[in-house]
2 protein chains.
Amino acid sequence: MTDIKNVTVAGAGVLGTQIAYQAAFAGFNVTSWDISDDALEEAKKRFDRLDAAYKRDVEGTTDEDTQGARDRLTLTSDLEEAVQDADLIIEAVPEKIDIKKDFWGKVADAAPEKTIFTTNTSTLLPSDFRDATGRPEKFLALHFANRVWSMRIAEVMPHDGTDEEVTKTVFEYAKEMQMDPMRLKREQPGYIMNSLLVPLLEASQKLWITDVAEPADIDKNWKMATGAPLGPFQAMDLIGLRTVSTIAMTKKDENVKKFGKYVMENLVEKGKVGYESNEGFFRYDDDGNRLDEE
Amino acid sequence: MTDIKNVTVAGAGVLGTQIAYQAAFAGFNVTSWDISDDALEEAKKRFDRLDAAYKRDVEGTTDEDTQGARDRLTLTSDLEEAVQDADLIIEAVPEKIDIKKDFWGKVADAAPEKTIFTTNTSTLLPSDFRDATGRPEKFLALHFANRVWSMRIAEVMPHDGTDEEVTKTVFEYAKEMQMDPMRLKREQPGYIMNSLLVPLLEASQKLWITDVAEPADIDKNWKMATGAPLGPFQAMDLIGLRTVSTIAMTKKDENVKKFGKYVMENLVEKGKVGYESNEGFFRYDDDGNRLDEE
């Protein structure tokens, strides 16, 4: 058992609210902080939708369970108040280095000595802004995947100056939060999951954009060969094609870049963004089942 | 329905015998050719093991079914005899360009005009040796994956001079052979399957050899993230670590090369080659179930 009781989740966007809800659902006292009251109004709507998602997707969840989670959740836009009793802070503020540095600079002064600092950054590394925390030895990454209530992986990634005991505590805390944590021994851009997934997706993007094979055949091949429930093109529809194409356009590989541009112009800009719009590379019903599968 | 009735499979190694057996099992008259009587003796043992594999793994297979397959199979080391009535030749001779060229040069003269030529090459492209066939327009790749009786993918890959009607016929034939064929629109090294799989495996190799995470965590992450039954390290144990490490050592990426060398010295040379030896990255029982999984 760790000593962690009070958890502050900074940033109440899509992932921040999911992380906060899951921590509250697991029994922690959770403070959800965001920068303005408007942002908190949006957060409330997200928490309402999470009540429904847990009742729908997490087996055995009762009204009492979701009510309990909501009772343990406090919303505030006052940063000092948000961090004053925190045993652990999970930062999920926008993915820009200056915003992160500014946030941690303020928290460094306001948080008590005991507080462990973690970041949910996806594209940056803890070492990119550890100095701003004022306590790099108590700082590391605790990374969640979208749809926290069903994808229970938490990647625990220290930088080379993180105290080993702190890393262990965060690992144990992730279990207490009902996640299935995975330890990275050192910093790695993309953690484990994206380090594996991105090369697979890019390989599929290149096969299609260079006219070797069609998405349906590529997905069928992958599913037959590996037994996986989804092929790479359906996985991209699930992730969302706006995200997928935006990222692809930033890559060096000419074919990946070309793929990104093509998808943006021919699918995203025509409203075909994947599961969310019931159409992307494939067509889906509202439950995400493919309608055009053989 | 195609007009194909007589199929000659050239090369009676691991994959050649599997292809020949599957074609015979599906009702074709099959000639299995290899270069010497010694090779054919080995082939007979392989066919005996395939009788057992089909009865074990292919649901509903009776003694009559496997006997029927064997009755339709003829073995010969006489190449002229092997190809004289062939509607289709599937070449699975050793993966060396000179051996392939020499083989096709002989067959070009001996086979009747009607015969369609296909190659099961994995690492070469049809265009690398199409000229040796003397009939490039009737020549393309028909590629099978190991364990043909359970992995029913056949990748149909024409070169840019293959007659479209011939490609369609081979595609239909693959279905008649009870495969689930996949069409590639143009030549691609690694076809679809390996074009996707290799980048995933190399990404996992790099995460481990650069000390980011352990095989068990990497596999667990991949399985949780994608719902796939196997992670990349277990997949490598299944493929066989001798093959995996030998290929990795030929790559340009320094970390992939280092992975290959490490695995060769620390696993393969100690007899830990994967499923086949019940131990590789993980330990297995005789049915390939992991013994050390959480």
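Residue numbers begin at 1 in each chain, while the letters A, B, ... track the order of the sequences.
- With chain B as partner, the option from P232(A), P199(A), A145(A) having the largest number of non-hydrogen pairs under 4.5 angstrom is P199(A).
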Using a 3.5 Å cut-off and no angle test, enumerate the donor-acceptor pairs between side-chain atoms of residues 147-157 of chain B and protein atoms at least two apart in sequence or in another chain.
residue : atom : partner : partner atom : Å
W149(B) : NE1  : D57(B)  : OD2          : 2.9
S150(B) : OG   : R147(B) : O            : 3.4
R152(B) : NE   : V148(B) : O            : 3.3
R152(B) : NE   : W149(B) : O            : 3.1
R152(B) : NH1  : Q178(B) : O            : 3.0
R152(B) : NH2  : W149(B) : O            : 3.3
E155(B) : OE1  : H143(B) : ND1          : 3.3
E155(B) : OE2  : N221(A) : ND2          : 3.0
E155(B) : OE2  : I192(B) : N            : 2.9
E155(B) : OE2  : M193(B) : N            : 3.2

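- Shown here are the salt bridge (Lys or Arg N to Asp or Glu O under 4.0 Å) partners of E276(A), two or more places apart in sequence or in another chain: there are none.
- Proximity to chain A involves both the backbone and the side chain of L196(B), based on heavy atoms less than 4.5 angstrom apart.
- With chain A as the partner, the residue from V198(B), L230(B), L200(B) showing the most heavy-atom pairs under 4.5 Å is L200(B).
- Under the 3.5 Å distance criterion, the side-chain polar atoms of R186(A) are matched with a main-chain donor or acceptor of T210(B).
- A donor-acceptor distance shorter than 3.5 angstrom exists from the side chain of D285(A) to the backbone of N289(A), with no hydrogens or angles considered.
- Between chain A and the options A225(B), A213(B), A235(B), heavy-atom pairs under 4.5 Å are most frequent for A225(B).
- Y284(B) and F282(B) have perpendicular rings, their planes meeting at more than 60° on a 0 to 90° scale where under 30° would count as parallel.
- Chosen from K223(B), E187(B), K206(B), E214(B), the residue pairing most often with chain A at heavy-atom distances under 4.5 Å is E214(B).
- Residue L197(A) touches chain B through both its backbone and its side chain, counting heavy-atom pairs closer than 4.5 Å.
- Between W208(A) and F233(A), the angle of the ring planes goes over 60°, which puts this pair in the perpendicular group of the 30/60° scheme.
- For the set D211(B), L238(B), I218(B), the entry with the most heavy-atom pairs within less than 4.5 Å of chain A is D211(B).
- Per-residue heavy-atom pair counts under 4.5 Å with chain B were compared for G227(A), P229(A), S195(A), and the maximum is reached by P229(A).
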